[in-house]
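A quick write-up on the structure given underneath.
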Amino acid sequence: MNEVKIYAPATIANLVCGFDVLGMCLEEPCDIMEMKLLGEKKVVLHSRDGFNLPADPAQNTAGAPLLAMLEELGQEQVGFELTIEKHIKPGSGIGSSAASAAGAVVAANHLLGNRFSKPDLVRFAMLGEKVASGVKHADNIAPCIYGGITLIRSIFPLDIITIPAPALHITVVHPLIEVRTSDARQILRKEVLLKDAIRQWGNIAGLVAGFMKSDYALIGRSLEDVIIEPVRSMLIPGFDEVKNSCIAAGALGGGISGSGPSIFMLSTSQQIARSVEMVMQEIFDRIGLAYHTYVTSVNTQGVRIHK
Ligand code: HSE
């Protein structure tokens with residue numbers, strides 16, 4: 001077996017209050033990747049989409065983690081030829097770079113007979129995030145590799161915890177403007193007020209407790225971000241209206257997906273999630289901004305290997 005096809009899913013980082021520490025894996029959309037094992041130490045990349053991502057592996061979010069993996073394999077003469085068909089648009093805020101990085105390392109590990117552990121794969125894949133945004137963060141990578149909802153308590157050393165959760169339906173709207181994660185991080189204040197920090201860590205603890213206790217009302221109350229959202233929401237036309245109108249339509253709550261511009265909402269049923277989608281569509285139609293919407297659910301498996 002020296003070829004594999006995988007599906008690498010989109011993810012929602014931060015989950016509103018948990019900047020850089022919480023993330024959720026989605027059923028849709030997914031990138032599709034095919035990988036061949038080579039008998040010499042190199043990484044070859046092909047792209048089957050129109051996104052013009054860097055072909056030099058060291059500059060590519062999928063390539064850099066593979067180079068790091070080869071480095072760790074020492075003298076062994078193996079390499080990877082990877083074809084990427086992206087369906088998750090770069091700069092959309094639903095973990096496009098993480099899907100490339102996580103998908104590549106899961107595929108490579110599969111071809112190598114699963115020699116590396118999940119934390120090892122997260123460690124390699126974070127190098128892809130560094131290429132994409134200049135900073136290592138695992139709140140897209142970890143849910144993409146582990147599936148479900150993950151808490152990244154620490155990245156040095158890595159400490160990843162999967163959080164059990166009740167059924168959730170997720171609506172995402174991606175207004176077709178690009179927000180680069182590096183820019184969306186640059187504009188953040190480097191210091192926070194103690195009163196805001198207290199509110200924020202109360203919300204993070206409340207959200208995790210709400211997931212674990214299947215307490216939808218607590219989940220809804222805890223989907224509040226007093227630190228990042230007030231700054232980043234200025235980059236997203238219609239943000240406040242979308243948020244307020246979706247909650248009025250029955251969503252538990254939601255906010256910016258990752259570093260934006262996508263906005264996500266959590267709901268208790270698919271029917272509510274569909275009504276929320278209509279609310280989002282009406283608002284962006286009126287604003288006159290093109291968009292994509294997704295109504296999906298939590299993917300508990302993460303990157304999937306095609307059998
Ligand atoms: N936690 C990161 C950020 C996720 O918000 O900058 C980026 O996808």
Side-chain angles (χ1 to χ4, degrees), residues 8-26 29-31 51 53 61-62 64-65 86 88-103 122 125-146 149-156 158-161 163 170 172-175 177-190 192 196-197 200-201 203-204 207-208 223-236 239 243 254-264 294 299 302-303:
T11 45
I12 294 177
N14 303 336
L15 294 180
V16 183
C17 50
F19 181 69
D20 278 3
V21 301
L22 286 173
M24 174 188 277
C25 189
L26 303 181
C30 284
D31 286 347
F51 291 127
L53 295 171
T61 53
K86 287 205 75 63
I88 311 168
K89 205 168 182 297
S92 54
I94 48 173
S96 178
S97 52
S100 297
V122 171
M126 277 200 297
L127 295 166
E129 294 291 39
K130 181 120 202 275
V131 168
S133 69
V135 190
K136 284 186 183 176
H137 56 88
D139 49 342
N140 293 106
I141 297 282
C144 198
I145 289 176
Y146 283 69
I149 296 172
T150 53
L151 166 68
I152 301 91
R153 194 197 61 82
S154 151
I155 54 169
F156 304 118
L158 264 180
D159 190 358
I160 297 165
I161 302 101
I163 309 289
I170 302 124
V172 178
V173 61
H174 171 210
I177 49 173
E178 188 179 342
V179 173
R180 294 167 63 92
T181 298
S182 49
D183 296 338
R185 294 182 80 92
Q186 198 69 43
I187 60 170
L188 299 176
R189 292 189 211 103
K190 302 292 173 279
V192 297
D196 290 340
Q200 197 85 355
W201 59 56
N203 280 327
I204 298 170
L207 188 58
V208 171
L223 287 168
E224 178 193 56
D225 173 4
V226 296
I227 295 175
I228 310 293
E229 183 183 286
V231 182
R232 283 187 172 171
S233 59
M234 291 185 292
L235 302 175
I236 307 172
F239 177 81
K243 188 171 158 180
I256 303 171
S257 176
S259 55
S262 289
I263 303 170
F264 79 100
Y294 304 94
N299 170 342
V303 177

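These numbers were taken from a predicted model, which means no experiment stands behind them. Read the numbers this way: they start at 1 and go in the same order the structure lists the ligands and their atoms. For reference, positions follow the sequence shown, starting with 1.
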Exercise. Quick one: pull up CG in Leu15 and CZ in Phe264 and give me the separation to the nearest 0.5 Å.
Key: 5.0 Å
Exercise. Could you tell me whether a side-chain N or O of Asn14 sits under 3.5 Å from a main-chain N or O of Ser257, the two making a donor and an acceptor?
Key: no
Quiz item: Do Val179 and Arg232 touch side chain to side chain, with heavy atoms closer than 4.5 Å?
Solution: no
Quiz item: Is there side-chain contact between Pro143 and Thr150, with at least one heavy-atom pair below 4.5 Å?
Solution: yes
Self-check item: Heavy-atom donor-acceptor pair, Ser262 side chain to Ser92 backbone, under 3.5 Å
Solution: yes
Measure and list all N/O to N/O distances between ligand 1 and the protein that fall under 3.5 angstrom.
unit_1, atom_1, unit_2, atom_2, d
ligand 1, 1 (N), Asn14, OD1, 2.8
ligand 1, 1 (N), Asp20, OD1, 2.5
ligand 1, 1 (N), Asp139, OD1, 3.4
ligand 1, 1 (N), Asp139, OD2, 2.6
ligand 1, 5 (O), Asn14, ND2, 2.9
ligand 1, 5 (O), Arg232, NH1, 2.7
ligand 1, 5 (O), Arg232, NH2, 3.4
ligand 1, 6 (O), Arg185, NH1, 2.8
ligand 1, 6 (O), Arg232, NH2, 3.0
ligand 1, 8 (O), Asn140, OD1, 2.9

Self-check item: Backbone of Ile88 reached by a side-chain donor or acceptor of Ser96 within 3.5 Å
Solution: yes
